[in-house]
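Small disclaimer: the values here were computed from a predicted structure and weren't measured.
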Amino acid sequence: MNQDPFTDFQRLATEADSLARDLNAFRQELNRVLEQNAELMIENKHLRGRLDQLSGQNKQIDKPEMLPSRRNLEKLYDSGFHICNEMYGARRENNEPCAFCTSIIYGNGDRTSSRV
Ligand SMILES: [Zn+2]
């Protein structure tokens, strides 16, 4: 070490300053990222809630499409009875499927509404 101690000190001080500046910039960047992360988490939460709301609405839209009367008919059909105009109330032999019945339950025909 034949250098002037004061020069050494100057150099170290400059390095320390620059290190402090870097550290400060890094901390600001870290804060910015953390803030952004928090914002995104909140936004994500809101969007998730909105999504749940929308899918909940969809469920509510889907359900009325299957009218309660239609569901009752389905229950009747499932327990082995015809619900079609052709054989209404008759037992379905061996649970054989009936195209008329299923078209009433699952089709978009208005035959149920004319009956109910
Ligand atoms: Zn039938």
As an exercise, state the distance from [atom1] of [X] to [atom2] of [Y], rounded to the nearest 0.5 Å.
X	Y	atom1	atom2	value
Asn72	Ile105	CG	CD1	11.0 Å
Asp22	Asp17	CG	CG	11.0 Å
Cys101	Leu76	SG	CG	9.5 Å
Glu86	Phe100	CD	CZ	4.5 Å
Ser79	Arg91	OG	CZ	8.0 Å
Asn24	Leu19	CG	CG	11.5 Å

Considering non-hydrogen atoms only, spot the tightest contact between Arg92 and Phe81 and give its length.
NE-O, 3.7 Å

Which atom pair, heavy atoms only, marks the closest approach of Asn95 to Gly80?
OD1-CA, 3.7 Å

Has Asp4 got a side-chain atom pairing as donor or acceptor with Phe6's backbone, closer than 3.5 angstrom?
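Present.
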
Is a side-chain N or O of Tyr77 found less than 3.5 angstrom from the main chain of Cys84, in a donor-acceptor match?
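Side chain of Tyr77 to backbone of Cys84: no pair is present.
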
Would you give me the side-chain donor-acceptor pairs under 3.5 Å for residues 30-40, sequence neighbours excluded?
unit_1: Arg32; atom_1: NE; unit_2: Glu29; atom_2: OE1; d: 3.4
unit_1: Arg32; atom_1: NH2; unit_2: Glu29; atom_2: OE2; d: 3.0

Would you mind checking if Lys75 and Asp78 are paired as a salt bridge, meaning a charged N to carboxylate O distance below 4.0 Å?
no

Under-4.0 Å salt bridge between Glu74 and Arg70:
no

Residues, nucleotides or ligands: over 12 heavy atoms within 6.0 Å of Glu93 CD
no

Report whether Tyr106 and Ile83 are members of the same hydrophobic cluster (ILVMFWY, side-chain heavy atoms less than 4.5 Å apart, transitive linking).
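Yes, Tyr106 connects to Ile83 through the hydrophobic network.
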
